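Model, not experiment: these values are computed from the prediction. We number each residue from 1, following the sequence as shown.
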Amino acid sequence: RGGHFTMDTAGTQAIVGFAEGEPAGGAAAEITLESAFGVVYLTAQSPEGGLADDGKLLISAIARARNQGAIIVEDTLRYEDGDGPIVMEPVAAVFTLQREGAPTVHILDHQGVKRGDTVPVEDDVFRIDTGRDQTPYYLVEY
């Protein structure tokens, strides 16, 4: 129950693992997990674009999955009901963007389509919460 790694490339920035409260800085953003565990990627949408200049950046945020009814004690599966549905552990993270422009952060559905609602952005800072928003996908548009 520990450890994490980060990634910082021209096209993708990520934090993966147990990193609650530990900011992961990169060229495009600082990402701080508010969840105990998370897998959070910020990726440029176009193959030739990068985080510094692409007009669309995709956020994917996911954690652990269990069947509904599973009993977890101290992060160890003790009993798992064989019936679903599978329930995703929520991920919350704060992003501080480090590039020019006023972004809009769209909440996407599970097919990657804009739902019509957005996440508030103030001074290039916004918070995602997959439990609140019921999705693992967000689109940052400039």
Start with the C-alpha gap between Asp133 and Tyr138, add the side-chain angles, then the distance that decides, and say whether side-chain hydrogen bond (donor to acceptor under 3.5 Å, both in side chains) holds. CA-CA 10 Å; Asp133 301 326; Tyr138 301 82; 2.7 Å; yes

For [X] and [Y], work out which heavy atoms get closest and say how close.
X: Gly50; Y: Leu57; result: O-CD2, 4.4 Å
X: Gly25; Y: Gln13; result: C-NE2, 4.0 Å
X: Ala63; Y: Glu89; result: CB-O, 3.5 Å
X: Leu33; Y: Gly38; result: CD1-N, 3.8 Å
X: Ala19; Y: His4; result: CB-CG, 3.6 Å
X: Pro90; Y: Ser35; result: O-OG, 3.7 Å

When you look at Asp109 and Tyr137, which way does the side-chain contact (heavy atoms from CB on, under 4.5 Å) test go after all the steps? CA-CA 7 Å; Asp109 67 15; Tyr137 305 119; over 6 Å; no

Under 3.5 Å, side chain of Asp54 to main-chain N/O of Ser46, donor-acceptor pair present?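 Checked: pair present.
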
Path from Ile31 to Val105 over hydrophobic side-chain contacts below 4.5 Å: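 Result: yes, single cluster for both.
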
Do the side chains of Phe5 and Phe18 join up, straight or via other hydrophobic residues, at under 4.5 Å, putting them in one cluster?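 Yes, Phe5 connects to Phe18 through the hydrophobic network.
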
Given the rule in the side-chain contact (heavy atoms from CB on, under 4.5 Å) test, do Val125 and Val94 qualify, once you have shown the distances and angles that lead to the verdict? CA-CA 7 Å; Val125 177; Val94 174; 3.8 Å; yes

Straight-line distance of [X] [atom1] to [Y] [atom2], nearest 0.5 Å:
X: Ile107; Y: Asp129; atom1: CD1; atom2: CG; answer: 9.5 Å
X: Ile15; Y: Thr32; atom1: CD1; atom2: OG1; answer: 7.5 Å
X: Tyr41; Y: Leu58; atom1: OH; atom2: CG; answer: 12.5 Å

Using side-chain contact (heavy atoms from CB on, under 4.5 Å), reason through Val91 and Glu34 one step at a time and then give a plain yes or no. CA-CA 7 Å; Val91 177; Glu34 292 184 331; over 6 Å; no

Heavy-atom distance under 4.5 Å between the side chains of [X] and [Y], does that happen here?
X: Val121; Y: Thr104; value: no
X: Thr43; Y: Ser60; value: no
X: Met88; Y: Ile62; value: yes
X: Asp124; Y: Phe95; value: no
X: Asp53; Y: Tyr142; value: no
X: Thr12; Y: Met7; value: yes
X: Pro136; Y: His110; value: yes
X: Arg132; Y: Thr130; value: no

Between Leu51 and Leu42, does the side-chain contact (heavy atoms from CB on, under 4.5 Å) criterion hold? Intermediate values first, please. CA-CA 8 Å; Leu51 293 173; Leu42 176 65; 4.0 Å; yes

Electrostatic pair Lys114-Glu141, nearest N-O below 4.0 angstrom: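 Glu141 and Lys114: salt-bridged.
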
Are Arg115 and Asp117 close enough for a salt bridge, meaning some N to O gap below 4.0 Å?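 Yes, charged N to carboxylate O under 4.0 Å.
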
Test applied, side-chain contact (heavy atoms from CB on, under 4.5 Å); reference residue, His106; option that passes from Ile59, Thr118, Val140: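 Per the side-chain contact (heavy atoms from CB on, under 4.5 Å) rule, the option paired with His106 is Thr118, out of Ile59, Thr118, Val140.
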
